[in-house]
Amino acid sequence: MSVTTRRLAAAAVLAAAAGVLAVPGTATASQDATTVTSADLIKGLYQSDYSQRNKALWVTAAVGRPPVLSSALLKVDPKTLAVEATITPPVTNETTGALEAVYGVAVDDEYNHVWVTATRNNAVAVYDQRTGAHVASFANVPHAREIVVDEKHNTVWASAFTSGELVAYDSKTLVEKKRVVVTGAGPTGLVVDEKSGNLYAADLNNDRIIVVSPNSETPSFIATGDGPISIDLSDDGKTAYTANQTAGSVSFVNLKTGTVTAEVATGAGAVSVAYEERSNTVLVVNRTAATVTVVDAKTAVVEESIATAANPNHIETANGKAYAVDKSGAGTGGVDFIYKIDPAN
């Protein structure tokens with residue numbers, strides 16, 4: 001594994017008026033600097049999630065289409081980016097050697113589990129954080145894409161993209177407890193407001209956010225940008241941010257009024273978004289543009305654009321840092337990179 005650290009000058013760019021697409025301008029020098037550390041891991045990096053309980057970053061990887069023969073759940077040191085453990089998913093076909101490959105990932109620190117989506121198997125699975133053992137798998141989640149944990153309400157949600165379903169599991173008993181069907185929807189990214197118990201899902205098919213409330217049997221909808229594929233919330237839960245793949249932008253959505261208050265151009269193929277509390281910024285991974293865009297959450301102004309290797313795929317924030325993975329194949333032996341980003345402010 002090779003590790004590289006660099007410092008980037010913060011970029012000053014054109015501000016976005018509310019609801020108007022802002023176009024990034026030219027970077028200028030600043031005394032502040034963002035530190036970016038990168039390391040090459042393995043092929044097929046997909047997503048990551050951070051465990052506060054174990055001070056570890058869990059990263060999924062899968063290569064190829066069915067039968068998928070190469071996949072791993074990695075435990076990564078968030079300080080050094082070194083791999084501490086490599087867990088191979090169970091074999092699902094002894095003849096072909098196909099694995100229950102892992103893609104989406106979410107940590108449950110309450111019960112010390114890691115939940116993953118086994119997208120190609122239309123399933124989700126659970127692993128033990130302490131031992132790395134495979135605990136359980138659950139079928140009938142068509143094209144399971146992402147997963148999120150609500151520790152306060154002992155609930156884990158998974159998005160079933162092809163069937164338009166949002167599936168909930170009890171994180172303590174490990175049984176399915178709810179299934180919400182939204183006809184015609186294509187749910188992708190998920191986020192939970194643990195205070196209210198509301199689930200928010202990006203609906204890629206219909207340019208909207210699906211809202212599932214514990215107080216209602218019927219989901220509600222909020223319009224957002226073109227091609228929402230990932231979603232996160234502000235720290236106070238009042239604003240949602242969607243990465244809009246088709247538009248190459250991030251939308252700021254007021255959840256109380258149900259309106260888009262700003263849309264900011266970030267780059268082609270915006271695919272993942274994460275809010276970072278300490279710097280009060282929104283970070284967007286742009287897959288086609290091969291950048292991570294940092295946006296001021298208060299002003300909706302782009303602060304800087306960080307170059308990555310090709311095809312960055314996901315971003316996660318924890319403890320004032322952001323962690324992004326790519327699928328570039330540009331590392332030693334054709335492996336992919338993980339990036340640790342320490343924002344300038």
Nearest non-hydrogen partners of Thr155 and Ser171, listed with the distance: N-OG, 3.7 Å

Hey, does the side chain of Lys55 reach the backbone of Gln52 with a donor-acceptor pair shorter than 3.5 angstrom? yes

Please check: side-chain N/O of Thr291 versus main-chain N/O of Thr293, any donor-acceptor pairing under 3.5 Å? no

Applying a strict under-4.5 Å side-chain criterion to I, L, V, M, F, W and Y, I'd like to know whether Trp157 and Ile209 cluster together. no

Would you say the side chain of Phe337 lies within less than 4.5 Å of the side chain of Thr308, judging by non-hydrogen atoms? no

Expected output: side-chain Asn206 to main-chain Arg208 donor-acceptor under 3.5 Å: no

Are a donor atom and an acceptor atom from the side chains of Thr218 and Ser216 found within less than 3.5 Å of each other? no

Spacing of Thr332 atom OG1 and Leu41 atom CG [to the nearest 0.5 Å]: 11.0 Å

For Leu174 and Phe138: C-alpha separation, side-chain torsions, deciding distance, then whether side-chain contact (heavy atoms from CB on, under 4.5 Å) applies. CA-CA 9 Å; Leu174 303 183; Phe138 306 93; 4.0 Å; yes

Drop me the distance from Thr239's OG1 to Asp232's CG, to the nearest 0.5 angstrom. 11.5 Å

Heavy-atom nearest pair, Pro228 first then Ala202, reads O-CB, 3.8 Å

Going by an N to O cut-off under 4.0 Å, is there a salt bridge joining Lys327 and Asp336? no

So which heavy atom on Gln129 is nearest to which on Ser51, and how close? OE1-OG, 3.1 Å

One should read off an interatomic distance between Thr117 OG1 and Asn122 CG, to the nearest 0.5 angstrom, of 10.5 Å

Does NZ or CZ of Arg145 lie under 6.0 Å from the centre of the six-membered ring of Phe161, at an angle within 45° of the ring axis? no

Of all heavy-atom pairs linking Glu277 and Asp235, the shortest is OE2-OD2, 3.3 Å

Under a 4.5 Å side-chain heavy-atom rule over Ile, Leu, Val, Met, Phe, Trp and Tyr, are Tyr46 and Leu74 clustered together? no

Which of Thr131, Asn54, Asp128 passes side chain to side chain donor-acceptor pair (under 3.5 Å) with Asn112? Answer is Asn54

Tell me if a side-chain donor or acceptor on Glu151 pairs with a main-chain N or O of Asp109 at a distance below 3.5 Å. yes

Stepwise, does the side-chain contact (heavy atoms from CB on, under 4.5 Å) test hold for Val292 with Ile315? CA-CA 9 Å; Val292 175; Ile315 193 159; 3.8 Å; yes

Check the side chains of Glu304 and Thr34 for a donor-acceptor pair under 3.5 angstrom, ignoring hydrogens and angles. yes

Please examine the side chains of Val76 and Trp58, heavy atoms only from C-beta on, and report whether any two atoms are closer than 4.5 Å. no

Can you check whether Ile338 reaches Ser38 side chain to side chain, under 4.5 Å on heavy atoms? no

Going through the distances and angles, do Thr92 and Glu100 end up as a side-chain hydrogen bond (donor to acceptor under 3.5 Å, both in side chains)? CA-CA 6 Å; Thr92 59; Glu100 188 183 73; over 6 Å; no

Short question: side chain of Thr119, backbone of Ala144 - any donor-acceptor pair under 3.5 Å? yes

So how far is it from Tyr275 OH to Asn280 CG, rounded to the nearest 0.5 Å? 4.0 Å

Is there a path of hydrophobic side-chain contacts, each under 4.5 Å between heavy atoms, that joins Val116 and Leu69? no

Any heavy-atom pair between the side chains of Val3 and Thr37 that's under 4.5 Å? yes

Side chain to side chain, Val271 and Ile229, heavy atoms closer than 4.5 Å: yes

Main-chain N/O of Tyr103 paired with Thr60 side-chain donor or acceptor, under 3.5 Å: yes

To check you understand the geometry: which heavy-atom pair defines the closest contact between Val141 and Ala158, and what is its length? CG1-CB, 4.3 Å

Does the Asp49 side chain pair with the main chain of Val107, one donor and one acceptor, at a distance under 3.5 Å? yes

Got Val253 and Thr261 here, is their nearest side-chain heavy-atom distance under 4.5 Å? no

Qualifying residues under salt bridge (Lys or Arg N to Asp or Glu O under 4.0 Å), relative to Arg120, sequence neighbours excluded: none

Minimal heavy-atom distance between Pro312 and Asn286, with the atoms involved, is CG-O, 3.4 Å

Short side-chain to backbone donor-acceptor contact, Asp226 and Thr246, under 3.5 Å: no

Just by modelled atom types, is the Ala309 backbone N or O under 3.5 Å from a matching donor or acceptor in the Ser328 side chain? no

Tyr200 vs Leu255 side-chain heavy atoms within contact, under 4.5 Å: yes

Donor-acceptor check, side chain of Ser159 to backbone of Thr188, threshold 3.5 angstrom: yes or no? yes

Should Val83 and Lys75 count as side-chain neighbours, where that means a heavy-atom distance under 4.5 Å? no

For residues 162-170, which side-chain N or O atoms pair as donor and acceptor with protein atoms under 3.5 Å away, sequence neighbours left out?
residue : atom : partner : partner atom : Å
Thr162  : OG1  : Pro142  : O            : 3.4
Ser163  : OG   : Glu165  : OE1          : 2.6
Glu165  : OE1  : Arg179  : NH1          : 3.3
Glu165  : OE2  : Arg179  : NH1          : 3.3
Asp170  : OD1  : Lys172  : N            : 2.8
Asp170  : OD1  : Thr173  : N            : 3.0
Asp170  : OD1  : Thr173  : OG1          : 3.4

Check the pair Tyr241 / Ser234 against side-chain contact (heavy atoms from CB on, under 4.5 Å), numbers first and verdict last. CA-CA 8 Å; Tyr241 310 102; Ser234 59; 3.5 Å; yes

Is it the case that over 12 heavy atoms from other parts of the model lie below 6.0 angstrom from the NZ atom of Lys238? no

Quiz question: by atom type and distance under 3.5 Å, do the side chains of Thr281 and Glu276 form a donor-acceptor pair? no

Cluster question for you: counting only ILVMFWY and a side-chain heavy-atom cut-off of under 4.5 Å, with indirect links fine, are Val114 and Tyr111 together? no

To the nearest 0.5 Å, what is the distance between CD1 on Ile231 and OG on Ser272? 12.0 Å

Please say whether more than 12 non-hydrogen atoms of neighbouring residues, nucleotides or ligands are located less than 6.0 Å from CD in Glu217. no

Is there a path of hydrophobic side-chain contacts, each under 4.5 Å between heavy atoms of I/L/V/M/F/W/Y residues, joining Val148 to Tyr50? no

Output for pair (Asn244 CG, Thr224 OG1), nearest 0.5 Å, gives 5.0 Å

Does atom NZ of Lys177 have more than 12 heavy-atom neighbours from other groups under 6.0 Å away? yes

